[in-house]
There are 2 protein chains.
Amino acid sequence: MARSTLSTAELRRPTVAAAAVRAFARGGYHGTTIADVAREAKISPAYVIKLFPTKEKLFTAALEACFDQILAALEAGADTASSISPDEVLDAMADAYAALITDRTLLLLQVHAQSVAEIPEIGAAFRAGLERIVTYAKDRSRGTDEAVQRFIAFGQLCHLLVAANVQEVPGPWARLLTAGMRHL
Amino acid sequence: MARSTLSTAELRRPTVAAAAVRAFARGGYHGTTIADVAREAKISPAYVIKLFPTKEKLFTAALEACFDQILAALEAGADTASSISPDEVLDAMADAYAALITDRTLLLLQVHAQSVAEIPEIGAAFRAGLERIVTYAKDRSRGTDEAVQRFIAFGQLCHLLVAANVQEVPGPWARLLTAGMRHL
DNA sequence: CGAACCAGTGAGTGTACGTTCACTCATATG
DNA sequence: CATATGAGTGAACGTACACTCACTGGTTCG
């Protein structure tokens with residue numbers, strides 16, 4: 001058994017990053033330990049930090065994996081649009097995003113990342129991911145700046161609703177906020 | 001000198017809560033220690049937790065103080081509206097909010113709260129504050145549900161831009177997102 | 001065979017944190 | 001003066017965490 005089946009460190013890194021996505025999505029950066037990630041990845045803590053030398057690098061790796069998945073979903077969604085009208089393309093991407101975050105993992109990781117964006121390395125990775133999303137949405141939809149801005153703004157509203165569990169709560173204010181949102 | 005000048009615990013609590021707002025806004029829930037809050041309030045850590053028996057209660061107290069200030073700003077802003085047209089009232093409230101969060105303290109505290117809303121006590125306090133904002137915006141502006149929803153969505157976009165420091169960054173994507181935003 | 005290498009780990013180290021507790025000191029009142 | 005009350009603290013306790021390091025066992029190749 002050579003390279004092809006034996007898991008070298010290089011091959012292992014993405015699976016550990018995927019485990020980090022799940023673990024950090026639960027507890028956020030400060031609320032998640034390297035041991036938590038190790039448990040999720042089914043390896044020892046020591047090996048986690050051999051693969052990603054600091055906790056910050058581990059988190060940014062998770063964040064990049066998160067944005068990779070989001071971009072892929074947006075691309076796939078855009079392909080299903082019934083016309084090339086900008087609004088319809090953006091709408092198809094929104095549908096795809098809503099479907100992607102049915103399990104809240106990727107959404108929560110972004111929320112947590114936003115809250116530790118003051119850490120330089122993490123802030124940079126977060127902005128890089130945001131840039132990818134915004135420029136892709138703009139280029140692919142060929143919509144106006146306003147339409148793309150609205151696309152992001154309502155995405156953020158969606159993050160708020162899910163993070164705060166507004167859907168599970170009664171009251172007219174909650175229904176006002178969730179009206180028309182597709183992430184259920 | 002009796003009650004009026006001597007600082008009793010009851011009188012001290014709000015000033016400690018205000019210190020907690022500042023401290024937690026910097027580091028978030030998990031990234032801020034009780035000693036940080038104590039330093040900010042210029043008292044000992046032990047006395048902080050005598051005033052607020054657990055870290056969670058301390059954080060929710062800070063969060064409530066934060067929403068108090070936001071509501072007050074929205075009310076004051078609505079009073080300055082040049083007409084009673086719903087859109088103009090909402091616009092005046094948005095201006096007032098933008099002015100309030102010129103220093104990023106209250107904004108960042110909300111972002112951090114959103115990311116630890118899974119902690120039941122904190123999630124409940126966060127939803128309570130959100131409910132106050134939404135119902136006030138709706139009742140005072142007498143706008144449509146859609147207008148109020150948009151008001152909140154673009155508020156969340158504003159939080160994203162500030163938390164991630166998008167204003168300080170070059171690139172067309174950043175300018176697209178910040179276009180028309182007033183929080184500078 | 002043996003030497004070099006690499007995936008992966010167990011056990012530790014130093015530090016920092018939330019919370020507790022016994023205490024001090026100032027004031028207030030009888 | 002004596003006693004009580006409550007503001008405020010110093011020092012400790014137990015735990016938990018990021019990160020280190022010396023090590024094991026398997027594989028590769030001369």
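First the proteins, then the strands, lettered A, B, ... as listed; each starts at 1.
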Other residues, nucleotides, ligands: >12 heavy atoms within 6.0 Å of [X] [atom1]:
X	atom1	answer
A:Arg13	CZ	yes
A:Arg182	CZ	yes
A:Ile84	CD1	no

With a 4.0 Å cut-off on N to O distance, would you call [X] and [Y] a salt bridge?
X	Y	value
B:Asp79	B:Arg140	yes
B:Asp103	B:Arg22	no
B:Asp87	B:Arg150	no

Contacts under 3.5 Å, N or O only, protein and nucleotides 9-16 of chain C:
from	atom 1	to	atom 2	distance (Å)
C:dT9	OP2	A:Ser44	N	2.8
C:dT9	OP2	A:Ser44	OG	3.1

Separation of atom [atom1] in [X] from atom [atom2] in [N], rounded to whole Å:
X	N	atom1	atom2	result
B:Ile34	D:dG10	CD1	C1'	16 Å
B:Leu11	D:dA7	CG	P	10 Å
A:Leu51	D:dC19	CG	C1'	15 Å
B:Leu58	C:dG18	CG	P	10 Å
B:Ile49	D:dA7	CD1	P	15 Å
A:His30	C:dG18	NE2	C1'	16 Å
B:Lys57	C:dG18	NZ	C1'	16 Å
B:Phe24	C:dG18	CZ	C1'	11 Å

B:Asp36 side chain to B:Thr33 backbone, donor-acceptor under 3.5 Å: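 A pair under 3.5 Å: yes.
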A:Thr135 side chain vs A:Arg132 backbone, donor-acceptor pair below 3.5 Å: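 Here the side-chain-to-backbone pair exists.
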Using heavy atoms and a sub-4.0 Å distance, could you list which residues of residues 109-123 of chain A are near DNA chain D? By number, please.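 Contacts with DNA chain D under 4.0 Å: none.
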Any side-chain donor near an acceptor of the partner, A:Ser115 and B:Gln114, under 3.5 Å: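 No, no side-chain donor-acceptor pair sits under 3.5 Å.
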